[in-house]
Amino acid sequence: QPLTPNGKLDRRAPPAPEGGSGREYVAPRSETERVLAEAWADVLHVERVGVHDGFFELGGHSLVATRVMSRIREAFGVELPLRALFEAPTVAGLAGRIEAARTGEETQAPPIVPVPRDRPLPLSFAQQRVWLLGRLEPGSAAYNMPFRLRLRGRLDVDALERAFSEVVRRHEALRTRFPEMDGEPVQWIDPASPVRLARVALDALPEAERAAELARLAVEDAARPFDLANGPLLRTTLARLGAEDHALLLTLHHVVTDGWSMEVMVREVFEAYAARVAGREPALPELPVQYADFAAWQREWLSGERLEAQLGWWRERLAGAPALLELPTDRPRPSVRSGRGAVGGIHLDRAVSGPPASPPPPAGAGV
């Protein structure tokens, strides 16, 4: 597969023939393989996937892998560990693991079910990792996730606030904070309350200055740290640039969201907004479980001998791996990361950045 200079998969390079893996395409032979191949094609954005194509050869990575495992849970009602995709990275191999789980030949995790909210809830392993990094670097904004949307046309601000309120009510993670109890962090879910957008009027500025001021506000908000213990871990700002021109600034902490979830949140806000403007209820079904339920399930399932088996598998696979990820750079890597940096721009004209020109046809070739 073509790689970038730093060794990552070059997604802009032409795909390999026969579905992208270089292997001869073999169509799905069972319903399980068909559903799995369609899921891979969807999340990996490829036209088709054969049963012997490799997930990681097609451009998959760990974040996309979690989406595949979620699709498997929904489609087949089985709970496979993420490790299963690394052990069986082809459609045929993973389909076999699914069938083994469905027939009881492979140990299957119990279903995720709601847990009582009458006590503090544990963090997931991923949340605990981000929380610990926050404790090691207090006041850091490294795990802030900013998002900016430009809204053009007539805007009903009241309906937008009601839409946000609906989505925050719907997703407990958006109103969760992480205080300590007996020296350990816990998830504390606050009651739902109306969301009020912070409002900034920029339309009084000269038009040439509005974009610069909006960019300054966005950078300032993205760099402002969150208080994980006291929350809230979601900030919303609506900047007015004109009568029918607004910008929505969203900043969340990574402990309560990720890139995939941000897309879900924005999509649901727009659905709820369209419903409120039309005078109807949003078409958003209630969620059977919340992220806190997953965290409690994960802590219970991955414990004792089962957890040791998972850790042992990774220790074996990562044995001998370098302690640091040394990428080729033009400057020495400091012993302590500072976080200081800058953005530089460079302009490449189309002659340099565009696709290579097609060679002329051979002499005597017809048109």
Side-chain angles (χ1 to χ4, degrees), residues 1-102 106 145 147 149 257-268 270-271 283 285 317 348 350-362 365-367:
Q1 291 289 314
L3 302 177
T4 62
N6 65 5
K8 293 188 175 182
L9 186 69
D10 188 350
R11 296 178 179 277
R12 296 186 178 182
E18 301 298 340
S21 67
R23 297 186 178 92
E24 181 181 356
Y25 173 76
V26 177
R29 301 157 298 187
S30 67
E31 181 65 12
T32 301
E33 289 183 347
R34 184 191 66 78
V35 173
L36 199 54
E38 290 179 355
W40 284 26
D42 184 35
V43 301
L44 295 173
H45 306 294
V46 297
E47 183 176 353
R48 66 179 184 178
V49 177
V51 298
H52 300 307
D53 289 342
F55 179 78
F56 300 101
E57 294 176 358
L58 292 174
H61 50 76
S62 58
L63 293 178
V64 180
T66 60
R67 298 181 63 180
V68 170
M69 306 317 283
S70 177
R71 293 286 190 91
I72 290 173
R73 185 186 308 118
E74 294 174 2
F76 303 106
V78 300
E79 192 71 47
L80 292 180
L82 187 60
R83 172 170 58 91
L85 187 51
F86 289 84
E87 295 175 338
T90 65
V91 168
L94 194 58
R97 298 291 294 269
I98 293 171
E99 291 301 327
R102 297 175 77 179
E106 179 172 307
M145 298 192 66
F147 201 84
L149 292 168
T257 191
D258 56 21
W260 182 23
S261 302
M262 291 282 278
E263 294 179 9
V264 172
M265 183 187 71
V266 171
R267 185 171 65 246
E268 291 191 357
F270 284 161
E271 160 59 27
R317 294 301 187 278
L348 300 176
R350 182 167 292 277
V352 175
S353 63
S358 301
V367 177

Which pairs would a plain distance check flag for residues 67-76, meaning a side-chain donor or acceptor within less than 3.5 Å of a matching protein atom at least two apart in sequence or in another chain?
residue : atom : partner : partner atom : Å
Arg71   : NH1  : Asp42   : OD2          : 3.4
Arg71   : NH2  : Asp42   : OD2          : 2.3
Arg73   : NE   : Glu79   : OE1          : 2.7
Arg73   : NE   : Glu79   : OE2          : 3.1
Arg73   : NH2  : Glu79   : OE2          : 3.0

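When all heavy atoms of Ala37 and Pro28 are compared, the closest pair comes out as CB-CG, 3.9 Å. When all heavy atoms are compared, the tightest approach of Met145 to Gly259 is CE-N, 3.6 Å. Looking at every heavy atom in both residues, Val49 comes nearest to Ala41 through CG2-N, 3.7 Å. Closest approach of Leu85 to Ala65, counting heavy atoms only: CD2-CB, 3.5 Å. The two residues Trp40 and Val91 have their closest heavy-atom pair at CH2-N, 3.5 Å. Of all heavy-atom pairs between Glu33 and Val51, the closest is OE1-CG1, 3.2 Å.
The closest side-chain heavy-atom distance from Leu44 to Phe55 is below 4.5 Å. Within the 4.5 Å cutoff, side-chain heavy atoms of Leu80 are placed close to those of Leu94.
In this structure, Arg48 is positioned above the aromatic face of Tyr25, its NZ or CZ under 6.0 Å from the six-membered ring centre and within 45° of the axis.
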Verify salt bridge (Lys or Arg N to Asp or Glu O under 4.0 Å) between Glu271 and Arg267, making sure each step is shown before the conclusion.
CA-CA 6 Å; Glu271 160 59 27; Arg267 185 171 65 246; over 6 Å; no
From CA spacing to verdict: side chain to side chain contact (heavy atoms under 4.5 Å, CB included), Phe147, Thr257
CA-CA 12 Å; Phe147 201 84; Thr257 191; over 6 Å; no
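Of the inter-residue distances, the one linking Leu36 atom CG with Glu31 atom CD reads 11.0 Å to the nearest 0.5 angstrom.
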